[in-house]
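Just so it is clear, the structure is predicted and the values come from calculations on it, not from any experiment.
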Amino acid sequence: MEIDSKLGTLYIVGTPIGNLEDMTFRAVRILQEVDAIAAEDTRHTGKLLHHFQIKTPQISYHEHNRQQRIPELVNRLVEGAAIALVTDAGMPGISDPGYELVKACLENGIGVVPIPGPSACITAISAAGLPASRFTFEGFLPAKGKERQQQLQGLKGETRAMVLYESPHRLLKTLRDLEKILGGSRALVLGRELTKLHEEFWRGTIAEAVAHYGDNCQPKGEFTLVIDGGDCATPVFSEESLKAALQTAIAQGLTRSEATRQLAEETELPRRQIYQLAIGLDEQNAEDL
């Protein structure tokens, strides 16, 4: 739908992730000029507004009330209001509420204007010292269950740098899961309390991070993890090595089908390809199946 200039405007305003001096002049001006500020936490944003002497009224907009608030905000924008969307820190829509409201505005012909600001993801990458001309942002991993394991497994073959957000009470669990899936030798940088008074960067391998945070007291503050991408080289498996692996698995008591499935998972080769090799083994091995 085309943007209607007669309608109001939604401003997506980036706010500091810690240090208030990172607030831009443009962001301050917009927050002063709009009719209302839709804030994730009005108490938290209230402190920011007080610091910059901004008197604009707030309305709460967060994960738990967004379905109720979206029609209300859209109606005000249709009537010509200018509204700024902010979160507790960083850019709205990046692991924070925002996407649904922006989508609703665009569907109703309401203009959306981004006001760039700090981002923990970009801040961490800039100081990580790891190759990150290409990277993937994963945000917060699911807390538990099948969805968490699927997302972690999806990172196994990722060759780009990876960025995760994590809370202090789940940090060690995530590090242990990363060690299990990606291996302990992968380079890792953890940024803690970025731009704040106690900002800290820890650098090492995933295994070293597990040992460091496992031996220390409960981590404090919010963490941004930057993980080095994996080796982009694709391993080449010869037919002889695959047959030898199958023979070893079968000798250990696996059936032909079980050996095929296991080797296909380990090599990430098509199961059908492995099975054709399995049925082509010598007659003695075939009898053992």
Side-chain angles (χ1 to χ4, degrees), residues 12-19 21-24 27 87-96 98-99 102 114-143 147-168 170-213 219-235 268:
I12 311 299
V13 182
T15 55
I17 59 177
N19 195 318
E21 292 181 0
D22 292 333
M23 190 74 166
T24 68
T87 58
D88 291 348
M91 287 296 294
I94 310 299
S95 288
D96 281 317
Y99 157 72
V102 170
I115 310 298
S119 165
C121 171
I122 301 302
T123 301
I125 285 176
S126 69
L130 296 176
S133 57
R134 298 174 65 243
F135 68 89
T136 176
F137 175 68
E138 298 294 322
F140 287 97
L141 293 172
E147 187 179 357
R148 177 181 176 88
Q149 292 305 312
Q150 288 177 337
Q151 189 166 341
L152 284 165
Q153 287 291 340
L155 299 178
K156 188 174 182 180
E158 181 58 69
T159 60
R160 298 168 294 181
M162 294 159 274
V163 182
L164 304 176
Y165 289 162
E166 194 51 275
S167 59
R170 284 207 300 261
L171 177 66
L172 186 56
K173 172 178 172 55
T174 292
L175 290 173
R176 286 172 173 163
D177 285 345
L178 289 172
E179 182 179 32
K180 180 179 179 180
I181 301 298
L182 303 182
S185 62
R186 193 78 65 91
L188 169 74
V189 175
L190 289 92
R192 185 180 73 86
E193 294 289 87
L194 295 177
T195 78
K196 299 179 182 178
L197 179 62
H198 299 291
E199 176 183 272
E200 176 183 59
F201 285 93
W202 184 95
R203 296 174 171 86
T205 65
I206 293 177
E208 290 169 344
V210 170
H212 176 77
Y213 287 98
K220 296 180 180 180
E222 298 299 318
F223 287 81
T224 302
L225 290 68
V226 183
I227 309 160
D228 197 15
D231 187 355
C232 62
T234 302
E268 298 184 357

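Put simply, the side chain of T174 reaches to within 4.5 Å of the side chain of R148, judged on heavy atoms. Within the 4.5 Å cutoff, no side-chain heavy atoms of V13 are placed close to those of P92. Between M23 and P16, some side-chain heavy-atom pair lies under the 4.5 Å cut-off. When side chains are defined from C-beta on, I227 counts as touching L182, because their heavy atoms get closer than 4.5 Å. The shortest distance between side-chain heavy atoms of L178 and R186 does not fall below 4.5 Å. I122 places a side-chain heavy atom less than 4.5 Å from the side chain of F135. Side-chain contact check for L171 versus L225: some heavy-atom pair is nearer than 4.5 Å. In this structure the side chain of D88 never reaches within 4.5 angstrom of the side chain of D96, judged on heavy atoms.
Looking at T195, its side chain does come within 3.5 Å of a backbone N or O of N19 through a donor-acceptor pair. The closest donor-acceptor contact from the side chain of Y165 to the backbone of E222 lies at 3.5 Å or more, if one exists at all. Listed for the R192 side chain is no donor-acceptor partner under 3.5 Å among the backbone atoms of E200.
Here the CD-CD distance, from E158 to E138, works out to 7.5 Å after rounding to the nearest 0.5 Å. Put simply, CG on L155 and CG on D177 are 11.0 Å apart, with the number rounded to the nearest 0.5 Å. Here the straight-line distance linking atom CG of D22 with atom OG1 of T123 works out to 7.5 Å at 0.5 Å rounding. Note that NZ of K180 and CG of L152 are 10.0 Å apart. Values are rounded to the nearest 0.5 Å. With values rounded to the nearest 0.5 angstrom, L190 atom CG is found 6.5 Å from F223 atom CZ. The distance from the CG atom of L188 to the NE2 atom of H212 is 11.0 Å, given to the nearest 0.5 Å.
Applying the 6.0 Å contact sphere to CD of Q153 captures more than 12 heavy atoms from other residues, nucleotides or ligands. Residue F140 places its CZ atom among more than 12 non-hydrogen atoms of other residues, nucleotides or ligands, all under 6.0 Å distant.
Across all non-hydrogen atoms, the minimal contact from P168 to P219 is CB-O, 3.1 Å. Here the shortest heavy-atom pairing between A27 and G14 reads CB-O, 4.1 Å. In terms of heavy-atom proximity, M162 sits nearest to G229 at CE-CA, 4.3 Å. Annotation for A127 and F201: closest pair CB-CZ, 3.7 Å, computed over non-hydrogen atoms. Nearest heavy atom pair, residue L130 against residue V226, reads CD1-O, 3.7 Å. Taking each heavy atom of P142 and E147 in turn, the nearest pair found is CG-CG, 3.6 Å.
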